Amino acid sequence: MKENSIPEPNHFLEEIVAADLAAGKYESILTRFPPEPNGYLHIGHSKSICLNFDLAAKYGGKTNLRFDDTNPSTEETEYVESILADVRWLGFEPANIYYASNYFDQLYEWALQLIRMGKAYVDFSTPEEVAAMKGTPTEPGTPSKYRNASVEENLEQFERMRKGDYPDGHCTLRAKIDLAAPNMHLRDPYLYRIKHAHHHRTGDKWCIYPMYDWAHGQSDSIENITHSICTLEFIPHRDLYNWFIEQLGIFPSKQYEFARLNLNYTIMSKRKLLQLVKEHHVSGWDDPRMPTISGLRRRGFTPESIREFARRVGVAKRENLIEFSLLEFCVREDLNKRALRRFAVLRPLKVVVTNFPEDQVEWLETENNPEDPEGGKRPIAFARHLWIEQDDFMENPPPKYFRLSPGNMVRLKSAYIIQCEAVVKDDAGNLTEVHCRYIPESRSGADTSGLKVQGVIHWLAEGHTQTAEVRLYDRLFQVEDPAAEADFKQALNPNSLEYIPNALVEPALHVANAQDYFQFTRLGYFCLDPDSTEDKKVFNRTVTLKDSWSKGQKK
RNA sequence: UGGCCCAUGGUGUAAAGGUAGCACAGCAGAUUUUGGUUCUGUUAGUCUGGGUUCGAAUCCUCGUGGGCCAACCA
């Protein structure tokens, strides 16, 4: 690649790649996304996925997906499948799909090599003993009594570990590095532990499994990964990463670290997300309130909006807590352009148009998407009996209330202007009907009435509706940073989900497909939930529309 | 009190010794048959103290604040 063809970098990792390319250090770059298949991917992972794939694509390289499956007790095939599906849904296709477990044989050979070099030993100390012998950050560690066993002895014991002569936890293989190192990770780290567990890929072939540090850098090296990008908490591991590669004399992959994504009002810990699932605080990993990719997908977020979000949050090394409103902005921006407009009345209030004939239906039309000139129009029925949103009528309105109230006029979108003449209440004093007259000369597109009204509301004609269930979501937690709470579950928002079992929607929604994105006019963006049946559709609210009215009211 | 990483408006992120910019959020206005969209304007920032320099967000340094590290997790 010629120097003048190297794209302009936009963040420090791109600068590193651009500089490496300019210096001729690599002909092309290779990155990897290395999830552990012990849970579903979340929005934080999407930052890492976009970073790795986009970085490689921008600089003419490729990206592998590698499952970091070195711990059989927490990993499952279900997670492998969901991760791959999520990566693809986001719009990325890995150059290769690999597993760290593919390299178990090689890793084992390298462990033997390290033992022969006198740089690894089998230790029969208990975890507590090892912890004590590690010292503290200010005091050096003390050597284990097994540290100076002969190469032959270590080879023999490691072979017995591998053969299954010992129960779980009986001993470990440790690297012999530096017990006085200020970096605690260099104080003779564990390489292998015994786990008589069934592995999702290798089955029962092994009863010893490599630790992260022993597996990760070498896996990168085997694949010739040039830039191994991980999060900040792995910074102290970098010395170890380099040490192993140097000792083995293998391809020198390099590790770089960036700050992971944090989103306010939610959590990113897979452990905690698993807890929410297992304890049924949510319906599953794909509950639309979850920050998982599958949850966001079910909620109605588009892959494009998530990629745009990942681009906008930037890449740097300082800790951050991104505002949820940025994600909302990204999805609204995308959905505004593509979502089909439809009328839906969530909480119906009956309107009787007193001067419209009882048995007549007038067919009007309204646009499918005002942002899309090619979007076309659809017919809507107008009749004497209508439904409007309860929120769109107030008997005693505050100042600047533009909707319907006694004596006031409002435009029924794409139809007529109506004026409220009377309200009807039941014996208990509850509002049951609003009586209005319509202005025949005010028909949309043919308005000769000369009237100016400020409010425009959505509506449906009685008998020309379908009943649907609508699910409204709010933030899952009521505090900005639930992870900082003593008990994050105490911070759960009890009102994060509201069911509206009998909302009215226009008949056109009967043919809604799972991949459709809708805007229920004036209410927000919605999508079809997989819980839908032929008889009853279920819609999820992705996000509300921006609402400068209710915002002003709350003040 | 060992080592490492970090510090720019409310939130993110640029500025590689030379006018502190952009986005989101906020506020105000214009347009609008979605109180949406679009457009315009606007509020608000270099953690503190020293030093180097003609000139410091940037380099050095004393602090301060935040984060990470002593799992048979990744």
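The shown structure was predicted, so the numbers you read here are calculated from the model rather than taken from an experiment. Naming: A, B, ... by sequence-line order, numbering from 1 per chain.
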Next on the checklist: What I want to check is whether an N or O donor and acceptor connect the side chain of A/R332 with the base of B/rU37 at under 3.5 Å.
Outcome noted: no

Next on the checklist: Taking B/rA7 as the reference, what is the distance to B/rU46 when you measure between their P atoms (whole Å, please)?
Outcome noted: 16 Å

Next on the checklist: B/rC73, OP1 or OP2 - any side-chain N/O from A/R193 closer than 4.0 Å?
Outcome noted: yes

Checklist entry - Is A/E328 touching bases, backbone alone, or none of the nucleic acid, heavy atoms closer than 4.0 Å? => result nothing

Checklist outcome for this item: Only residue of A/Y438, A/F393, A/Y416, A/F382 satisfying ring pair (Phe, Tyr, Trp, His ring centres under 6.0 Å) with A/W459 is A/F382

Item to check | A/T138 side-chain proximity, nearest of B/rG12, B/rU1, B/rA70 | outcome: B/rU1

Item to check | base_contact_polar (B/rG12 base, A/R312 side chain, donor-acceptor, <3.5 Å) | outcome: no

Checklist entry - Does a side-chain N-to-carboxylate-O contact under 4.0 Å join A/R174 and A/D123? => result yes

Checklist entry - Got a donor-acceptor pair under 3.5 Å from the side chain of A/E319 to the base of B/rG12? => result no

Checklist entry - Which part of the nucleic acid does A/K546 contact within heavy-atom distance under 4.0 Å: base, sugar-phosphate only, or nothing? => result sugar-phosphate

Checklist entry - How about A/Y146 and A/Y121: are their ring centres within less than 6.0 Å of each other? => result no

Next on the checklist: Ring centres under 6.0 Å, that's the criterion: do A/H458 and A/F520 meet it?
Outcome noted: no

Checklist entry - The side chain of A/N71 lies closest to which of these nucleotides: B/rU34, B/rC72, B/rA74? => result B/rA74

Checklist entry - Starting at NZ of A/K195 and ending at C1' of B/rA71, how long is that distance when rounded to a whole Å? => result 10 Å

Checklist outcome for this item: Checking B/rA74, B/rA70, B/rA23 against the side chain of A/D68 (C-beta onward), the nearest is B/rA74

Next on the checklist: Using atom C1' in both nucleotides, what's the gap between B/rU53 and B/rC60 to the nearest angstrom?
Outcome noted: 12 Å

Next on the checklist: Counting only side-chain heavy atoms from C-beta out, which of B/rA70, B/rC4, B/rU11 sits nearest to A/I235?
Outcome noted: B/rC4

Next on the checklist: Counting the benzene-type ring for Trp, do A/W110 and A/F244 have ring centres under 6.0 Å apart?
Outcome noted: no

Item to check | Between B/rG35 (P) and A/H458 (NE2): distance, integer Å | outcome: 10 Å

Next on the checklist: Of the options B/rG35, B/rC5, B/rA74, whose atoms approach the side-chain atoms of A/R522 most closely?
Outcome noted: B/rG35

Checklist entry - Looking at A/T70, does any N or O in its side chain come under 4.0 Å of the phosphate oxygens OP1/OP2 on B/rC73? => result no

Checklist entry - Within the stacking criterion (centroid distance below 5.5 Å, interplanar angle below 30°), does A/W549 stack on B/rG35? => result yes

Next on the checklist: Here's a test of your reading of the structure: between A/F12 and A/N38, which maps to the more 5' nucleotide of RNA chain B?
Outcome noted: A/F12

Checklist entry - Nearest to the side chain of A/P137, which nucleotide is it out of B/rA70, B/rU34, B/rU8? => result B/rA70

Checklist outcome for this item: Looking only at B/rU11, B/rU8, B/rG35, the nucleotide nearest the A/E323 side chain is B/rU11

Next on the checklist: For B/rG36 and A/S548 - does any side-chain N or O of the residue sit under 4.0 Å from the phosphate oxygens OP1/OP2?
Outcome noted: yes

Next on the checklist: Does a side-chain N or O of A/R187 approach OP1 or OP2 of B/rG2 to a distance below 4.0 Å, or not?
Outcome noted: no

Item to check | Salt bridge A/D372-A/K337, side-chain N to carboxylate O under 4.0 Å | outcome: no

Next on the checklist: Would you measure the distance from the C1' atom in B/rG17 across to the matching atom in B/rG29 and give it in whole Å?
Outcome noted: 41 Å

Item to check | Nearest-nucleotide pick for A/K317, side chain only, options being B/rC5, B/rC69, B/rG12 | outcome: B/rC5

Checklist outcome for this item: Looking only at B/rC68, B/rU13, B/rG35, the nucleotide nearest the A/P236 side chain is B/rC68

Item to check | Toward the 5' end of RNA chain B, by each residue's nearest nucleotide, A/N10 or A/N336 | outcome: A/N10

Checklist entry - Do the side-chain N or O atoms of A/K551 get closer than 4.0 angstrom to the phosphate oxygens (OP1, OP2) of B/rG26? => result yes

Next on the checklist: Counting only side-chain heavy atoms from C-beta out, which of B/rG2, B/rC69, B/rU37 sits nearest to A/P182?
Outcome noted: B/rG2

Next on the checklist: When the P atoms of B/rU32 and B/rU42 are compared, how many Å lie between them, rounded to an integer?
Outcome noted: 24 Å

Checklist entry - So, A/R66 and A/E223, do they make that salt bridge, N to O below 4.0 Å? => result yes

Item to check | Any A/Y190 side-chain N or O less than 4.0 Å from OP1/OP2 of B/rC72 | outcome: yes

Item to check | Under-4.0 Å side-chain N/O to phosphate OP1/OP2 contact, A/R311 with B/rA23 | outcome: no

Next on the checklist: Is any side-chain heavy atom of A/W285 closer than 4.5 Å to one of A/L274?
Outcome noted: yes

Checklist entry - Checking all strands, does A/G455 fall into the base, sugar-phosphate, or nothing category for heavy-atom contacts under 4.0 angstrom? => result nothing

Checklist entry - Which value, in whole Å, describes the distance between the P atoms of nucleotides B/rG50 and B/rG36? => result 49 Å

Item to check | Separation of the C1' atoms in B/rG63 and B/rG51, to the nearest angstrom | outcome: 14 Å

Checklist entry - On a whole-Å scale, what distance lies between the C1' atoms belonging to B/rA44 and B/rG12? => result 15 Å

Checklist entry - If you measure from the P atom in B/rU48 to the same atom in B/rG9, how many Å do you get, rounded? => result 11 Å

